[in-house]
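Notes follow the structure.
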Amino acid sequence: MTWAIRPATSDDIPAIVDLVNAVQRPEERTTVEIFRHEEGMRRPDEAFARFVAIGDRGMAAVAQTQNSHTRPRHKFSLSVGVRPDSRRGGLGTELERRLREFTVAHGGTELTAMIRDDDVGTRAFLETLGYREAYQRFEMELGVSEFDWRRFERWRNRLGGLRLFSLAQATPVEEHLPKLFELSMKLSGDVPHPEGAPEYTIEDFQQFARMPGFRQDGLFIIADGDRWVGVSGVVCLEGRPAYTYFTGVDREYRGRGLATLLKLATIEFVQRNGIAAMRTTNDTVNYPMVAVNEKLGYRRLPARVGMKFMIE
Ligand SMILES: CC(C)(COP(=O)(O)OP(=O)(O)OC[C@H]1O[C@@H](n2cnc3c(N)ncnc32)[C@H](O)[C@@H]1OP(=O)(O)O)[C@@H](O)C(=O)NCCC(=O)NCCS
């Protein structure tokens, strides 16, 4: 097998999307629109490299590494995707070598690749290169179309004097984003995360709110008077399960079932939109959130594993 490896350009995006979709599971498929939007979210002060390998039949592989302004700069992510018909010829190894070189040149000391626990091939590839398992996160799925509402009849009554509404109802939405940002940041500091909670800026948050799949009517808030005390939201992308990106309740309001009520509001929303399933990812030590999800009927999917390479 022969290939020419070169840095990717923006003209490569359609072929990269095609390749990523050939390598990823169907529920993780992307589109040129989503891909370009994510490209737009990268900041000039982040170190980033992407290579493509071109073979006789077109693009054979894509691989990238980057750090993020939301995390310590020495931590880099890594992903490598090789078309099935171009595997086991050393291409993945060569791409990882180039990315590691780039990472070192940009002050990186850690490379982390996320894989599914049942992906033995990718695990073997990474272990051969010296990566080791660092942490696991649960992925969970709920079959929304068969959700049993009988256990949660008249659930809105359980709000007591609190109000539940969607972001779309908090008009004008743009003016309410800083309040939502403040709440989300306060609560996300309480989420156990193996890499530390990411530190987002209000600009990141505003950009996220313009992302394809973000739904103002799929983000629910619970308020006590003017005080916002809980939030849960889903992203809905065509052909994929709806994805809960965040659920949180203010410390003073925990233990009253509010997270369950917020999640019920999102389940109702997802069902109304004709989407069959919802997913979420939690750290393995986030017992309260996992317990809420299990009570609602979520089942566990193979874990997501963080595979790390420490650069000496
Ligand atoms: C993992 C992946 C990138 C490997 O690409 P590749 O070009 O086939 O890798 P290489 O040829 O360089 O493999 C190097 C070594 O890794 C190991 N390896 C790679 N794939 C393996 C597999 N499926 N089973 C067992 N060992 C494997 C072998 O030791 C191999 O050497 P060998 O072929 O001489 O035995 C490719 O299979 C892929 O794209 N997988 C899905 C993508 C993915 O999940 N990426 C996200 C995380 S990075």
Side-chain angles (χ1 to χ4, degrees), residues 1-8 12-31 34-35 38-39 42 46-68 71 75-104 106 108-139 141 194-195 239-241 243 279 281 301-311:
M1 283 191 273
T2 55
W3 333 274
I5 296 177
R6 59 164 173 79
D12 291 321
I13 289 177
I16 292 173
V17 168
D18 187 50
L19 193 149
V20 167
N21 289 341
V23 170
Q24 298 277 43
R25 285 162 201 270
E27 65 272 19
E28 286 162 6
R29 269 196 306 258
T30 189
T31 63
I34 298 167
F35 200 90
E38 285 169 355
E39 293 286 284
R42 194 174 313 115
E46 290 170 336
F48 169 76
R50 179 185 291 140
F51 292 103
V52 289
I54 310 296
D56 309 337
R57 283 168 301 205
M59 196 174 285
V62 58
Q64 69 180 55
T65 184
Q66 79 175 98
N67 66 7
S68 165
R71 297 194 184 282
K75 289 174 183 271
F76 280 64
S77 63
L78 172 114
S79 80
V80 183
V82 179
R83 254 191 215 283
D85 60 6
S86 302
R87 290 183 186 169
R88 302 306 285 270
L91 182 50
T93 302
E94 175 56 18
L95 287 165
E96 195 277 345
R97 187 190 67 74
R98 294 197 188 201
L99 294 177
R100 198 187 299 186
E101 209 172 76
F102 173 90
T103 301
V104 171
H106 289 80
T109 58
E110 282 182 37
L111 273 163
T112 305
M114 294 304 297
I115 63 167
R116 269 174 61 128
D117 197 24
D118 57 351
D119 188 350
V120 282
T122 306
R123 183 188 282 265
F125 165 75
L126 291 167
E127 282 178 348
T128 304
L129 295 172
Y131 287 69
R132 295 292 171 259
E133 179 172 329
Y135 57 85
Q136 294 209 357
R137 307 194 78 211
F138 287 139
E139 193 169 22
E141 183 171 279
E195 301 276 13
R240 292 202 210 177
Y243 186 82
R279 286 198 182 182
T281 312
L301 299 175
R304 296 265 162 192
V305 181
M307 299 286 295
K308 239 184 227 300
F309 183 84
M310 307 300 279
I311 297 165

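Remember, it's 1-based here, ligands and their atoms both numbered in the order they're listed.
- Between atom CG of residue Leu78 and atom CD of residue Gln66 there is a gap of 11.0 Å, rounded to the nearest 0.5 Å.
- Considering only non-hydrogen atoms, atom 13 (O) of ligand 1 lies nearest to Phe125 out of Phe125, Trp3, Tyr131.
- Side-chain atoms of Thr65 come within 3.5 Å of backbone atoms of Ser77 as a donor-acceptor pair (strictly under, hydrogens ignored).
- For atom 5 (O) of ligand 1, the nearest non-hydrogen atom from the set Val62, Val82, Asp119, Thr128 belongs to Val82.
- When only interatomic distances are considered, the shortest N/O to N/O separation between Arg87 and ligand 1 falls below 3.5 Å.
- Under a 3.5 Å cut-off, the side chain of Arg83 and the backbone N or O of Met59 do form a donor-acceptor pair.
- Only side-chain heavy atoms of Val23 come within less than 4.0 Å of ligand 1; its backbone N, CA, C and O stay farther off.
- Atom 34 (O) of ligand 1 lies below 4.0 Å from none of the non-hydrogen atoms of the protein.
- Residue-ligand proximity, Gly90 to ligand 1, at heavy-atom distances under 4.0 Å covers atoms 10 (P), 11 (O), 12 (O).
- Per-residue contacts place Ala124 under 4.0 angstrom from the following atoms of ligand 1 (heavy atoms of the residue considered): 25 (C), 26 (N), 27 (C).
- Checking only distances, Gly89 does come within under 3.5 Å of ligand 1, N or O to N or O.
- Of the options Arg304, Arg137, Arg123, a side chain to side chain donor-acceptor pair (under 3.5 Å) to Asp117 is made by Arg123 and by none of the others.
- Looking from atom 23 (N) of ligand 1 to the surrounding protein, the closest heavy atom is Gly121 CA, 3.3 Å.
- Polar contact check, Gly81 against ligand 1: no nitrogen or oxygen pair lies under 3.5 Å apart.
- Two residues are said to be in side-chain contact when any heavy atoms from C-beta on lie closer than 4.5 Å; Thr93 and Phe125 meet this criterion.
- The CG atom of Asp56 sits 5.0 Å away from the OG1 atom of Thr2 when rounded to the nearest 0.5 Å.
- Using a 4.0 Å heavy-atom cutoff, Gln24 is absent from the residues neighbouring ligand 1.
- Looking only at distances, a side-chain donor or acceptor of Asn67 sits under 3.5 Å from a matching main-chain atom of Ala47.
- Between Met114 and ligand 1, no pair of N/O atoms sits closer than 3.5 Å.
- Where the criterion is an N or O separation shorter than 3.5 Å, residue side chain and backbone included, Ser86 fails it with respect to ligand 1.
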**Prompt:** Step by step, would you call Arg116 with Glu28 a salt bridge (Lys or Arg N to Asp or Glu O under 4.0 Å)?
**Reply:** CA-CA 12 Å; Arg116 269 174 61 128; Glu28 286 162 6; 5.2 Å; no
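- Contact annotation: for Ile115 versus ligand 1, heavy atoms closer than 4.0 Å belong to the side chain alone.
- For ligand 1, the atoms lying closer than 4.0 Å to a non-hydrogen atom of Thr93 are 10 (P), 12 (O), 13 (O), 14 (C).
- Under a 4.0 Å N-O distance rule, the pair Glu195/Arg71 does not qualify as a salt bridge.
- A salt bridge is absent between Glu101 and Arg98: the closest approach of a Lys/Arg side-chain nitrogen to an acidic carboxylate oxygen does not fall below 4.0 angstrom.
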